[in-house]
Each structure stands twice: as C-alpha cells, then as structure tokens.
Amino acid sequence: MSINLTGKLREAYGRFRAQDFAGAERLCRHILDHAPGQAGALHLLGVLRMTGGNAREAVTLLRKATEASPGDAAVLENLGVALLAAKEPAAAEMVLQKALKLGASHGLLYMRLGLALEQQGRLPEAEEALRTAVAKAPDDPDVHNNLGNALAGQGRHEEALACYRKVLALRPRHVDAHYNIGTLFKHLGRNDEAVSAYQSALALAPDYADCHNNLGTVYDQMGRLEEAIACYRRALALDPNHAHAHSNLGNIFRMQRRYSEAVECLERALSIRPGFVDDLANIGAVRAEEGLYADAVGFYRRALSLDPSDADVRHNYGILCLALGDFDVGWSNYQWRPTRALALKEKRVSDTIPRDDVAGKTLLLLGEQGIGDELFFLRFAPVFRERGSRLNCQCDRKIKSLLERTGLFDIVAAYDQPAPASDWRLLVGDLPSILLGDRQSALAPPLRLSALDARVATMREQLARFGPPPYIGLTWRAGTPLAAQRVRGRLLYKEAPLKTLAVALEGISGTVLALQRHPRDAELEVVSKELKHVVHDVSGANEDLEDMLALLALINEYIGVSNTNMHLMAGIGRTARVLVPHPPDWRWMVREGESPWFPGFAVYRQRTDGDWTSALAHLADDLRRSLGSPVV
C-alpha cells in the first residue's frame with residue numbers, strides 16, 4: 001500500500017473516533033477506489049454501516065474484510081456483532097469462535113458469544129460464556145446485564161435480579177437494567193415493583209417506546225386501564241409502527257366494548273406484521289363479541305391456516321364453535337385447552353384418547369377447571385357405562401358424596417386420595433371428543449343427582465324460620481374478576497349489576513335468599529334496601545354442597561349467573577333463570593332461547609353493548625307472572 005493510502009486510512013479512523021462519520025466514509029471510499037480489497041477500509045466502512053443501523057450491508061462489507069484479512073480477530077468480532085444485529089446468531093457464533101481461536105479473549109468478546117448462544121436458545125452455554133465475560137470484565141455493567149438476561153430466561157429470577165442490581169451499582173443510570181428489572185417483576189406478578197422500575201427507566205429515557213408499552217401492560221394487569229391506554233398512546237406517538245402497542249390498545253378497547261376502535265387498532269397491528277396469528281385471533285374474538293359470528297370464524301380459520309398448532313387459537317375457536325352449535329368442530333378443538341396441556345405435561349392423563357370401543361375397559365375420569373365443569377362433563381359418563389366401560393372418578397371433595405350416590409362409579413376418590421386403577425386416565429372434558437359424530441350421545445342430559453332426605457328436612461326448617469314461601473334464590477357473580485385475567489380469558493367472569501337486578505325484582509313476592517358465594521361488604525344491604533325487605537344470607541351453603549343441593553331442592557325460583565349451583569339444579573331435575581352476560585359462556589350458546597345443555601332453563605341475555613335493561617325487564621315480567629303480587 002502507498003504511504004498516501006496508509007495516511008488516509010489513519011485519518012479515516014481518526015474521523016470515526018471524532019464521530020465525523022461522513023468524513024470517515026468519504027476517506028474509506030477514496031481508499032477503496034484505489035484498492036478495492038483493502039481490508040482496513042472495508043472493515044471501517046462495515047463498522048460505519050453498523051453505526052448507521054444497516055446490519056445487512058455491514059455483514060457484506062465485513063465478510064469482504066475477513067476474506068482480505070482472515071487472521072484479524074477484530075474484524076471477525078465486528079462481523080459477529082453485525083451478524084447478531086442481522087439476526088443470524090448461529091453464523092455470529094461461528095465467527096466469534098474463530099476470533100477466540102486466533103487468541104482474542106477479552107470480556108466483550110465472550111459477552112457477544114453469550115448473546116449469540118442466547119439468541120439460539122442455548123441458555124446454559126450462554127450463561128457459561130457470560131460468566132467468563134464477567135470474570136474478565138467484572139466492572140463492565142453490560143456484561144452483568146446480559147448475564148442477568150440469560151439467567152432470567154432460565155427462570156432463575158433471584159440470580160437475574162442480583163445481576164441487574166450489580167449493573168445499577170456500577171452504573172445507576174443504566175436504562176436497560178431498570179427496564180429488565182421491570183420486566184422481571186412483571187413476569188413474577190410483582191406489579192407495583194414493575195411499575196417503579198419502568199418509571200425509573202423512563203425518567204432516564206423518556207422516549208423509550210418499548211418501556212412505555214410494557215408499563216402499559218402492567219397497568220393493564222392491575223386493572224388501571226386508563227393509565228394503560230395513556231402508556232400505549234405514548235408508545236405509539238414515539239413509534240407509530242409499534243405493533244405490540246397497537247395490539248395491546250386494541251385488546252383494552254375490546255374489554256371496554258369499544259369494538260370499532262379495537263378492530264382499528266388490531267388491523268393496524270396486522271398491517272405492520274402481516275400474518276401475525278395473535279392479531280388475527282384477537283380480531284376474531286372482537287367480531288364474535290360484536291355478534292358477527294361468520295366474520296369471527298373466518299378470522300380464526302385464517303389464523304389456524306398460518307399456525308395450526310397454536311393452542312390458544314384452537315381452543316378459542318373451539319369454544320366459539322361450541323357456542324354456535326358446531327359441536328364436532330368445537331370438541332375437536334377443545335382438546336387444545338390449557339388444562340389438558342398441563343395434565344399431559346404432568347403425565348396425569350393418558351397421552352391419547354380411546355376412539356375405539358371402550359367396552360370392558362376401566363376409565364378413570366379426572367375432574368378439571370372447577371366443580372361446575374366436573375358436573376357438566378360427567379353428564380357424558382353414563383354413555384360409557386352403557387357401552388360396557390367400568391368407571392372410576394377422582395374429583396373435588398365437595399362433590400364426592402354426590403357422585404357416589406349416582407351409582408355410576410365403582411370408586412370415587414377425592415383429589416387428595418390415591419387415584420383408582422384404570423386402563424385409561426381421562427379428563428372429564430375429553431369425554432365429548434370420544435363421541436364425535438354420535439349426534440345422539442353428543443347432547444347427553446345432565447347427570448342425575450339426589451339430595452339427602454335428612455339435609456332436606458334440616459333445610460326446610462331453616463327456610464321456615466326465614467319466612468313464608470315462595471323462596472327465591474339469588475346469585476349475581478361468579479368466576480375470576482377481569483383485572484386478574486388475561487383478556488382472552490374474560491369468559492371466566494360473570495356478573496350482573498346487583499343494584500339494577502334488585503330494582504328489577506322490586507315488588508316480587510316471596511322470601512329472598514342470597515346464595516352468592518363470598519358476598520362483599522354491604523351487598524346484602526343494597527339488595528335489601530331496593531327490595532324493601534330483608535335478604536337472608538345463605539352463602540355458607542356453598543361450602544357444603546350437600547346443604548346447597550338440599551336448599552336448591554326446596555326453593556321456588558333460582559335467579560343467577562351461570563355457576564356451580566346451576567349444574568346442581570339441572571342435576572336434580574329442576575330449572576332456573578339464568579342471567580347471561582355478553583359474550584356468553586359457550587354452554588348458554590349465542591342464539592336466543594334456552595341452551596340445549598339446560599332444557600327448560602330461562603335465559604336472560606345482556607346485549608352486545610353491555611346493557612341489561614331489556615333482559616332484566618323481561619325477568620321481572622316473568623317473575624311477576626310466576627309469583628304474583630308482592631307480600632305486604
């Protein structure tokens with residue numbers, strides 16, 4: 001090389017260090033015009049491309065530099081950095097290993113190797129490389145931060161937290177460490193601490209769009225929806241193409257029944273990441289809640305065409321199909337529900353479902369998802385008894401004695417008792433899928449139950465002390481509050497507006513009983529005030545279902561949201577009046593009228609816009625016709 005080109009290369013590096021990137025590039029171009037394979041100029045130009053965010057072009061230039069100077073560890077290391085930025089971690093690992101073989105061994109190189117391994121999901125190897133990096137560069141906060149990430153990825157949260165705190169001890173204003181602490185606490189459900197950590201990161205970097213988005217997700221989990229919305233909007237102001245923020249904002253609007261805004265946000269997210277399965281599924285969920293069921297089915301099918309193995313999408317699609325009455329498709333997709341996946345992982349159930357003849361086989365039926373679901377799905381058990389199967393059952397202790405009296409099972413055990421022997425171990429929710437295509441068995445009637453005579457006699461005496469008949473039971477809430485759920489799990493929560501319900505019942509004759517499990521402070525007073533007479537608290541019967549079964553056998557009317565007691569009523573051959581929030585639990589279907597699973601049960605449906613007025617007015621009219629004028 002001429003002395004002139006050597007001097008220009010030296011000058012180019014000087015300009016780079018002075019952050020005169022345009023000047024450095026101009027000099028590199030001049031050198032390459034005269035010496036196209038000059039390794040130093042190719043190297044620096046590749047680093048300049050990395051600095052400008054063009055990882056792909058940086059990789060091309062740095063590969064040419066390594067060809068011109070294959071023994072230069074620094075060039076190989078920078079090529080590794082560029083490959084990491086270009087999302088080619090396996091290639092990055094290879095060139096970083098070459099740099100190590102050439103004798104480079106500083107902490108930053110091991111850190112980059114750790115990142116390459118981490119991005120490939122090889123977390124134990126990444127941890128080993130990063131621990132070497134820490135040993136070689138104990139005062140480098142970035143090394144500790146990346147080790148923390150590798151440990152967090154392995155679920156070793158306390159060790160990861162210690163690494164992040166070490167980062168802050170070395171550099172208190174390290175934005176990523178504050179952010180990572182927030183993400184760790186978010187994952188652990190320690191929401192207040194997550195908020196504090198994210199706010200610390202934003203105090204240092206107020207334009208950090210990802211941090212605004214993540215802070216929004218924490219507020220979302222805490223039920224602080226307006227604060228979450230503000231965070232998502234701030235993230236989008238900083239980065240209009242932040243797909244996660246669009247999607248998260250859309251899901252909040254869904255919860256608030258702001259359906260057009262929800263779809264607008266989700267479609268914007270989908271335009272940024274076309275074919276993203278979650279966005280398609282979430283639009284499907286919104287369309288279902290709007291009552292646009294054909295559109296909803298279409299979006300779910302599009303999502304499944306892209307990823308047929310997405311368990312959440314298949315499960316939610318299955319639930320929609322069940323609600324629409326497409327039982328074969330519904331049950332086949334219901335097999336992807338989370339409780340079944342967990343049972344398979346824990347090896348508590350057989351890994352296949354017996355589709356062939358089960359005559360002569362012993363089936364152990366295992367409860368899942370709650371007492372109501374156990375009772376609902378056990379309606380299919382008699383079908384298998386009729387087909388020659390022997391049945392054992394393991395269930396919640398609260399219904400053990402009820403199931404023993406059905407005569408269906410050879411052995412009934414509670415969860416805390418040894419599981420009976422069997423040829424097949426099945427979750428009760430698996431039973432319908434075995435009957436696919438069998439239309440006669442697919443709509444099995446409720447499992448027949450019976451109340452104990454002695455309990456009925458005791459409960460009759462208690463009711464007489466409360467007042468004269470007719471006896472009217474009320475339940476207004478069931479499930480898990482929305483603030484404690486993910487958006488996609490909202491059907492688990494059912495609630496009717498208590499005061500509005502009480503107003504609708506005003507003037508109805510009878511003795512009113514609160515069957516609500518764990519009534520909140522002052523709720524009974526609210527109902528009593530509106531009805532203008534005492535509401536009697538019998539919520540304790542929910543703890544002993546023998547008592548509840550006896551009580552339900554005696555009352556004249558039962559009004560409530562879907563809950564365990566509705567299954568008990570069906571089991572003793574009685575009916576009830578069911579308040580069905582929108583979107584409906586699949587058992588109550590999306591169509592008007594009664595559910596095929598609960599014949600004779602009167603259904604009063606909340607409107608898609610959330611209004612209960614017409615449903616409760618209809619309920620009041622029906623009760624007045626049934627019960628007559630008020631008691632004076």
Side-chain angles (χ1 to χ4, degrees), residues 311 315 334-354 358 361-385 389-434 444 446-452 455 478-480 484-485 489 492-493 517-518 539-550 552 562-572 585 587:
H315 177 224
Y334 191 71
Q335 292 303 298
W336 294 72
R337 63 197 183 278
T339 48
R340 185 167 193 272
L342 179 61
L344 286 169
K345 181 179 179 181
E346 296 176 347
K347 302 187 183 304
R348 291 188 287 112
V349 296
S350 304
D351 57 3
T352 58
I353 295 176
V358 292
K361 302 294 185 182
T362 299
L363 308 182
L364 173 59
L365 308 183
L366 303 170
E368 60 172 318
Q369 302 185 65
I371 293 174
D373 283 284
E374 293 181 37
L375 291 171
F376 177 85
F377 283 109
L378 284 173
R379 67 174 58 212
F380 298 99
V383 176
F384 294 92
R385 188 75 176 221
S389 297
R390 294 183 296 274
L391 301 179
N392 294 327
C393 183
Q394 192 168 29
C395 62
D396 191 292
R397 183 170 288 279
K398 284 187 175 182
I399 59 172
K400 180 176 182 291
S401 58
L402 279 61
L403 297 182
E404 287 173 332
R405 293 201 300 278
T406 65
L408 279 172
F409 306 102
D410 294 340
I411 303 173
V412 179
Y415 292 139
D416 57 357
Q417 295 177 313
S422 63
D423 297 306
W424 292 91
R425 297 167 60 91
L426 301 173
L427 296 175
V428 291
D430 290 336
L431 296 180
S433 67
I434 305 175
L447 180 67
R448 300 300 298 177
L449 303 172
S450 60
L452 293 170
R455 296 290 185 106
T480 305
Q485 298 183 42
L492 297 174
Y493 190 57
R517 190 167 184 259
H518 302 315
S539 58
N542 289 289
E543 304 310 313
D544 186 339
L545 293 188
E546 291 286 11
D547 280 347
M548 181 59 76
L549 200 61
L552 294 174
S562 182
N563 68 99
T564 297
N565 296 338
M566 294 297 175
H567 298 281
L568 295 175
M569 285 290 276
I572 56 175
D585 179 346
R587 291 170 186 79

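Predicted, not measured: the structure shown is a model, and the values here were computed from it.
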Whether [X] side chain and [Y] backbone form a donor-acceptor pair below 3.5 Å:
{"X": "S350", "Y": "W424", "answer": "no"}
{"X": "Q394", "Y": "Q417", "answer": "yes"}
{"X": "D423", "Y": "T362", "answer": "yes"}

Self-check item: Salt-bridge criterion met for D430 and R425 (N-O under 4.0 Å)
Solution: no
Self-check item: Parallel, tilted or perpendicular: ring planes of Y334 versus H315, cut at 30 and 60 degrees
Solution: tilted
Looking at every non-hydrogen atom in both residues, tell me the closest pair between [X] and [Y] and how far apart they are.
{"X": "L364", "Y": "A419", "result": "CD2-CB, 4.0 Å"}
{"X": "V349", "Y": "L426", "result": "CG1-C, 4.5 Å"}
{"X": "L431", "Y": "A381", "result": "CD1-N, 4.2 Å"}
{"X": "N392", "Y": "I411", "result": "OD1-N, 3.1 Å"}
{"X": "S401", "Y": "E546", "result": "OG-OE2, 2.6 Å"}
{"X": "E368", "Y": "Y415", "result": "N-OH, 4.0 Å"}

Quiz item: Can you tell me if NZ on K361 sees more than 12 non-hydrogen neighbours from other groups inside 6.0 Å?
Solution: no
Exercise. Show the numbers, then the answer: is there a side-chain contact (heavy atoms from CB on, under 4.5 Å) between I434 and V383?
Key: CA-CA 11 Å; I434 305 175; V383 176; over 6 Å; no
Quiz item: Hey, mind stepping through C395 and K400 against side-chain contact (heavy atoms from CB on, under 4.5 Å) and telling me if it holds?
Solution: CA-CA 7 Å; C395 62; K400 180 176 182 291; 4.3 Å; yes
Self-check item: Option from L403, L408, D373, L391 for which side chain to side chain contact (heavy atoms under 4.5 Å, CB included) with L378 holds
Solution: L403
Quiz item: Hey, mind stepping through L452 and R405 against side-chain contact (heavy atoms from CB on, under 4.5 Å) and telling me if it holds?
Solution: CA-CA 10 Å; L452 293 170; R405 293 201 300 278; 3.6 Å; yes
Quiz prompt | For R455, salt bridge (charged side-chain N to carboxylate O under 4.0 Å, His left out) partners two or more places apart | solution = D544, D547
Practice problem: Can you sort out the partners of D396 under salt bridge (charged side-chain N to carboxylate O under 4.0 Å, His left out), two or more places apart, ordered by chain and number? | Solution: none
Using 0.5 Å steps for rounding, measure from the [atom1] atom of [X] to the [atom2] atom of [Y].
{"X": "M566", "Y": "F376", "atom1": "CE", "atom2": "CZ", "value": "14.5 Å"}
{"X": "M569", "Y": "T564", "atom1": "CE", "atom2": "OG1", "value": "14.0 Å"}
{"X": "R385", "Y": "L363", "atom1": "CZ", "atom2": "CG", "value": "10.5 Å"}
{"X": "L427", "Y": "R337", "atom1": "CG", "atom2": "CZ", "value": "5.5 Å"}
{"X": "I399", "Y": "L375", "atom1": "CD1", "atom2": "CG", "value": "4.5 Å"}
{"X": "L568", "Y": "N542", "atom1": "CG", "atom2": "CG", "value": "9.5 Å"}

Quiz item: Passes side-chain contact (heavy atoms from CB on, under 4.5 Å), R517 versus E543? Steps please.
Solution: CA-CA 9 Å; R517 190 167 184 259; E543 304 310 313; 3.5 Å; yes
